[in-house]
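It should be emphasised that the depicted structure is a prediction, and the values quoted were computed from it without experimental measurement.
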Amino acid sequence: MNQYDDFPEGATATDRKAIAEIAEHYSAILRLIGEDPSREGLIKTPMRAARAIWYATQGNRAGEPADLMCKALFTHEGSRMVVVRDIEFYSLCEHHILPFFGTVSVGYIPDKQIVGLSKLARVVNAVARRLQVQERLTAEICKAVEDALHPLGVIATCRASHLCMQMRGVEKQLASTVTSHYTGLFETDPALRDEFYRLNP
């Protein structure tokens, strides 16, 4: 088997062509940094790296994040606030293509509709699995929930560690970044925001 024949299961012909091209570029990068891509430990590295970045950016090919929720909407008259806490995510910083990762908590106030809880985690994945910045990631999660559910308000907080700060540049190992975004009633009612933060310390 050629080193470029090991494609992800279910890869289409277009996917296979793109992944093979990415692997060729990784071979060139290895040579440019002074490595020998033909040595034993690196023979399969270009394809492994190509598969890894293809997986890490699958959000680019997932369609609209809001669409992930549309098949799991249910009528409900009751809940004042729904919160899913500590949804872990992994993303890539669009400035250095290095990982950042952490957790997201999402809350919304239903307006006669709720969504299956796992769909919120799927939305986080779809938004995170692409080149991102944390601020936009947080806002895009809110927008996806708002577009699908049309709730009375949405709020999201994200806490993450960024390897672009930890392994290069300022090299601050303990630094973490917290971002938040909110719409609707969460924007106009500080008491609702406080309730969310109490539920999500």
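The salt bridge (charged side-chain N to carboxylate O under 4.0 Å, His left out) contacts involving residues 94-108 comprise Glu94-Arg136, where partners must be two or more places apart or lie in separate chains. Residues in residues 46-59 take part in these salt bridge (charged side-chain N to carboxylate O under 4.0 Å, His left out) pairs, two or more places apart or across chains: Asp6-Arg51. For the side chain to side chain donor-acceptor pair (under 3.5 Å) condition, no pair includes a residue of residues 52-64, sequence neighbours left out. For residues 137-149, the pairs satisfying side chain to side chain donor-acceptor pair (under 3.5 Å) are Gln132-Glu140, Thr138-Thr179, Lys143-Asp147, Glu146-Thr183, with sequence neighbours left out. Applying the side chain to side chain donor-acceptor pair (under 3.5 Å) test to pairs two or more places apart or on separate chains, those with a residue in residues 148-161 are Thr157-Asn200. Applying the side chain to side chain donor-acceptor pair (under 3.5 Å) test to residues at least two apart or on different chains, none of the pairs has a partner in residues 110-128.
Of all heavy-atom pairs between Cys70 and Ala148, the closest is SG-CB, 4.4 Å. Considering every non-hydrogen atom in both Tyr108 and Leu149, the closest pair reads CE1-CD1, 3.5 Å. For the residue pair Pro37 and Leu30, the shortest heavy atom distance occurs at CB-CD1, 4.2 Å. Nearest heavy-atom pair across Ala144 and Met69 is O-CE, 3.1 Å. The two residues Ser38 and Ile43 have their closest heavy-atom pair at O-CG1, 3.5 Å.
Listed by chain and residue number, nothing satisfies the side chain to side chain donor-acceptor pair (under 3.5 Å) test with Asp189 (two or more places apart in sequence, or in another chain). For Thr14, there are no side chain to side chain donor-acceptor pair (under 3.5 Å) partners at least two apart in sequence or on another chain. Under the ring-ring contact (aromatic ring centres under 6.0 Å, His included) criterion, Tyr182 pairs with no residue, sequence neighbours left out.
Annotation: the span from Leu42 atom CG to Ser27 atom OG amounts to 9.5 Å, rounded to 0.5 Å. Put simply, CD1 on Ile29 and OG1 on Thr45 are 12.5 Å apart, with the number rounded to the nearest 0.5 Å. Taking CZ of Arg130 as the reference point, atom CG of Leu92 lies at 12.0 Å (rounded to 0.5 Å). Between the OG atom of Ser105 and the CG atom of Asp86 there is a distance of 4.5 Å, given to the nearest 0.5 Å. Annotation: the span from Leu131 atom CG to Ile53 atom CD1 amounts to 6.5 Å, rounded to 0.5 Å. If you take SG on Cys158 and CD1 on Ile141, they are separated by 6.5 Å, rounding to the nearest 0.5 Å.
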Subject >> Stepwise side-chain contact (heavy atoms from CB on, under 4.5 Å) check, Val115 with Leu120 >> reply: CA-CA 8 Å; Val115 67; Leu120 293 173; 4.1 Å; yes
**OP:** Walk me through it: do Glu35 and Arg31 pass the test salt bridge (Lys or Arg N to Asp or Glu O under 4.0 Å)?
**Re:** CA-CA 5 Å; Glu35 278 288 359; Arg31 286 190 292 273; over 6 Å; no
**OP:** Check step by step if side-chain contact (heavy atoms from CB on, under 4.5 Å) holds for Val82 and Leu117.
**Re:** CA-CA 9 Å; Val82 179; Leu117 298 178; 4.1 Å; yes
Original post:
Could you walk me through whether Gln134 and His162 pass the side-chain hydrogen bond (donor to acceptor under 3.5 Å, both in side chains) check?
Top reply: CA-CA 9 Å; Gln134 183 176 333; His162 293 248; 2.7 Å; yes
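Considering only heavy atoms from C-beta on, His25 stays 4.5 Å or farther from Ile22 through its side chain. Side-chain contact between Arg85 and Leu199 is absent, with no heavy atoms from C-beta onward closer than 4.5 Å. In this structure the side chain of Val127 reaches within 4.5 angstrom of the side chain of Pro65, judged on heavy atoms. Using a 4.5 Å heavy-atom cutoff, the side chains of Val106 and Val145 are in contact.
Cluster annotation: Leu137 is not connected to Ile155 through the hydrophobic network of ILVMFWY side chains, with a link wherever side-chain heavy atoms come within less than 4.5 Å. Ile114 and Met81 fall into different hydrophobic clusters, where Ile, Leu, Val, Met, Phe, Trp and Tyr are joined by side-chain heavy atoms under 4.5 Å apart, directly or via other members. Linking ILVMFWY side-chain heavy atoms closer than 4.5 Å, directly or via other members, places Val123 and Ile109 in two distinct hydrophobic clusters.
Side chain of Gln166 to backbone of Gln173: a donor-acceptor contact under 3.5 angstrom is found. Side chain of Arg168 to backbone of Cys164: a donor-acceptor contact under 3.5 angstrom is found.
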List the atom pairs, with distances to 0.1 Å, where a side-chain N or O of residues 190-197 and a protein N or O form a donor-acceptor pair under 3.5 Å, not counting sequence neighbours.
{"unit_1": "Arg193", "atom_1": "NH1", "unit_2": "Phe186", "atom_2": "O", "d": "2.7"}
{"unit_1": "Arg193", "atom_1": "NH1", "unit_2": "Glu187", "atom_2": "O", "d": "3.2"}

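Counting Ile, Leu, Val, Met, Phe, Trp and Tyr side chains that sit under 4.5 Å apart, directly or through other members, Tyr90 shares a hydrophobic cluster with Leu98, Phe101, Leu163, Met167. Chaining together hydrophobic side chains whose heavy atoms lie under 4.5 Å apart places Val170 alongside Met165.
Atom CZ of Arg39 is surrounded by more than 12 heavy atoms from other residues, nucleotides or ligands within 6.0 Å.
Between Phe89 and Phe100, the ring planes are perpendicular. Angles over 60° get that label, and only those under 30° would be called parallel.
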